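See below for the structure under consideration.
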Amino acid sequence: MNDLIATNRWGTFFGVSQKTLDTVWNNLTDPSGNSVVYISMEIGADRDVYHPIKKKLQDSDIDKTASNLLRHYAKLFLNGPEKIPNYSGGLGILAGDTLKSFADLKIPTLAISLLYRKGYFSQLVDSRLGQISTATDWSPENTPSLYLLKNPDFPDLPLEIEVPFFDDNDNEVLAIARLWMKMEVNEHLDFFVPEILLDYNIPSSPEWIRQVSQRLYDSISDQAKAVQRRLLGASVIPIQKAMGITANIFHLNEQHGVVVVLNMIGEWLSKHVGNDYHTKATDADILKAADAVAKHIVFTIHTPVKAGHDRFDKSIISGIGHAFCNRVLHLLAQDDENPNQYNFTALAMKVNRSTNSVSRLHKAVTQKQFPQFSKKITAITNGVHHLTWISEAKAAFYDSFSELKNWRDDPAVFSKAGLLFNSESFREAFELAWKQDTKILIDYINQMLSLHRKQMHETWIDPPNFLSNLDDGIQELSPDVYTIGFARRFSTYKRADLIFDDIDKLADIVISNNYPVNFIYAGKAHPSDEPGKSIIKLVLDIQEELYRKTNGMAKLVFIPGYDMKIAKMMVAGVHAWLNSPKRPLEASGTSGMKSAMNGIPNISTMDGWWVEGYHDGKTGWKFGYESDIDTACLSEAPSSLLYEQDSNSFYDIFPQILKSFYDAKSRSLYIDKCIHNLELNCPIFNTHRMAAEYVARYELKVPKAVQNRLEKLRKIYQSEN
Ligand SMILES: *Cc1c(COP(=O)(O)O)cnc(C)c1O
């Protein structure tokens, strides 16, 4: 226990030994530069879904000789707040899952993101108003595993970095940030990935900087968006210099942090052209610098949807960046469609050694969108961190079969689930674990419904669920009823309301087959995404009609405040996971992988990862129009979202899905699909395998033992095929 405290010049940290801290820091500051800086606008890694340090504390007693400091930390880690609301959805959670796998696999990495004192937003839902957003107040000060780094020269003061901004006349204004470090500690507590979260909301920063740095994806204005991007990207070199980080590879998780490329070009020019490069450098020099910088950049693009690609008016950029920036952007970030804008995606696309899309299908789509870069666009299919997303009940179930031994360290072990395919005891144990997970989810929902019912008269919020208006008892959901889950960001192309397009048809399927169904929905829409919010409202509005038309056999529930904890409960507790985006707009999607980790089949359109995870129907069901990518329409316009066609395709397969769950004779076919998910999907769609593929792109030199482990993971699956 006493080896859980470690100290270095940046502070005192809990949860790892001195040796581990020193190893991690030596790697990151080694002159060889064999490490990675991972840059992401958001990182989602809440502690209430994965917390190895807390687990260790719960498993062992604090001995009597422990110091007061150790006791203080132990208490904080056992009882402290566990939410770190630094994410909005898939992109951030992928970042968190990636860094957790990097820590497990001991890949030397420093992550950089911003710290948002008001989080993203907290979602309230009112049946009449739909989504209401409020600020998320949280305090990093007492959040376990977040540390304010010290200034080594003045240990009583925090470390600060300066990020320069320039007005239209190139007058410099400094944004100042303090550095919080969050530690992504691995399962064995013998390695970690530090994440530097920048807090610009401090007195020494200008007020306008403080304002725009508080909320993730603040879209109050385009200017605010551009400033946030700069606060991220332009911090990278100052952090490196302040902390002595020698990394040679910079991974851009989406283009948000691409300003780092401009800074690196500046650094190169100052070295090769001289300190007066602002006036001396020729266009050819700039292009040469870009070529040199490109060798250090790995870029992941996450969406074909245009709203995900940053473009800024030139006037905005000239009001925050140096005039020289404009020259570089003029050469490297022209937007072909809008001559008055710079296209940051174009810049990230141009200046890198490797552009990665997030699934095989997405690779084809990205190549179509950016034909000029077609050759260098590759695929690394996303994954999820299996240790985070496998429920407690499922983990205990996996632990109890020796064939799956070592699944925690090596998710490839799941391919051996095939050996157990015909084992009755395996199947029964699976169903038992599943029942526990379903009970947890349904109990949560029933408690929520009755709580909302009680609150009805106490608050001004009208309960989001129609069922809260019914008497206790009638309103309750049953865990024996077939339960379908749908939860993700509410965005038009994801078509959350698709299967309710023709309620009469859906109701008829339920009634005529006499199969009851629970539909469990959750998700947030960005506060300024009006169409997204209107789909939440639509889902709420459908509840009563669906209930009445099915005589109460179909219940549709919306869980407000979607976060990682609710996600984990849902992906493990439902009987099927529904995914209905319009192909090919979902680049990957990850929530379906989380359910696959728990052995739960997907019902999905052939989009994103599901093209790879479907295995000819062995692991779930497909529906919807399978557009050809060459002629596919990438528009989100309502008229091109194929509601009628794709909902009908769902209604075609739905009766057979219900039957295979309820009908005793076909029930074993349903369990077949579950086990096939373990066997075929768990070994592939995890972030360990994904990390191994990325490290190959980085061409990072790592110790032999690490290298061997990565090679083994890479052998299982190559996304590039
Ligand atoms: C996994 C997850 C997402 C992303 O889901 P997709 O299927 O990739 O859209 C979003 N929000 C939360 C809270 C999640 O856990």
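We count ligands from 1, going down the list as the structure has it; atoms in each ligand are counted the same way. For reference, positions follow the sequence shown, starting with 1. None of these values were measured; they are calculated from a predicted model.
- By the 4.5 Å heavy-atom criterion applied to side chains, E612 and Y717 are counted as neighbours.
- In this structure, W389 is part of the shell of residues with a heavy atom less than 4.0 angstrom from ligand 1.
- D646 and R495 are joined by a salt bridge, as a carboxylate oxygen and a charged side-chain nitrogen come within less than 4.0 angstrom of each other.
- In this structure, K673 satisfies the cation-pi test against W621, with its NZ or CZ atom closer than 6.0 Å to the six-membered ring centre and inside 45 degrees of the ring normal.
- Taking every heavy atom of A567 and a limit of under 4.0 angstrom, the matching atoms of ligand 1 come to 15 (O).
- Aromatic pair F486/Y521: centroids less than 6.0 angstrom apart.
- Residue contacts with ligand 1, taken as heavy atom pairs separated by less than 4.0 Å, do not involve K568 at all.
- The part of D563 lying near ligand 1 is the backbone, judged by heavy-atom distances below 4.0 Å.
- Taking only nitrogen or oxygen atoms, main chain and side chain alike, T590 reaches within less than 3.5 Å of ligand 1.
- Annotation for ligand 1: atoms under 4.0 Å from non-hydrogen atoms of G589 are 8 (O).
- Taking 4.0 Å as the cut-off between side-chain N and carboxylate O, K363 and E720 count as a salt-bridged pair.
- Among the atoms of K594, some N or O lies under 3.5 angstrom from an N or O of ligand 1.
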Practice item. I would like to know whether F299 and V258 meet side-chain contact (heavy atoms from CB on, under 4.5 Å); could you show each step before the answer? Key: CA-CA 9 Å; F299 169 50; V258 75; over 6 Å; no
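- Remark: distances from the non-hydrogen atoms of K494 to ligand 1 include one below 4.0 Å.
- A salt bridge links D437 with K394: the distance from a Lys NZ or Arg NE/NH1/NH2 to an Asp or Glu carboxylate oxygen falls below 4.0 Å.
- Of the protein's non-hydrogen atoms, S591 OG, 2.5 Å is the one closest to atom 7 (O) of ligand 1.
- Scanning all protein heavy atoms for the shortest distance to atom 4 (C) of ligand 1 gives G90 CA, 3.5 Å.
- For ligand 1 and I93, the ligand atoms under 4.0 Å from any heavy atom of the residue are 2 (C), 11 (N), 12 (C), 13 (C), 14 (C), 15 (O).
- Nearest protein neighbour of atom 11 (N) of ligand 1, counting heavy atoms only, is Y562 CE2, 3.3 Å.
- Looking at heavy atoms from C-beta onward, H575 lies in side-chain contact with Y670 at the 4.5 angstrom threshold.
- Taking the ring centroids of Y694 and F102, they lie at or beyond the 6.0 Å cut-off.
- Taking every non-hydrogen atom of G89 and a distance limit under 4.0 Å, the qualifying atoms of ligand 1 come out as 10 (C), 11 (N).
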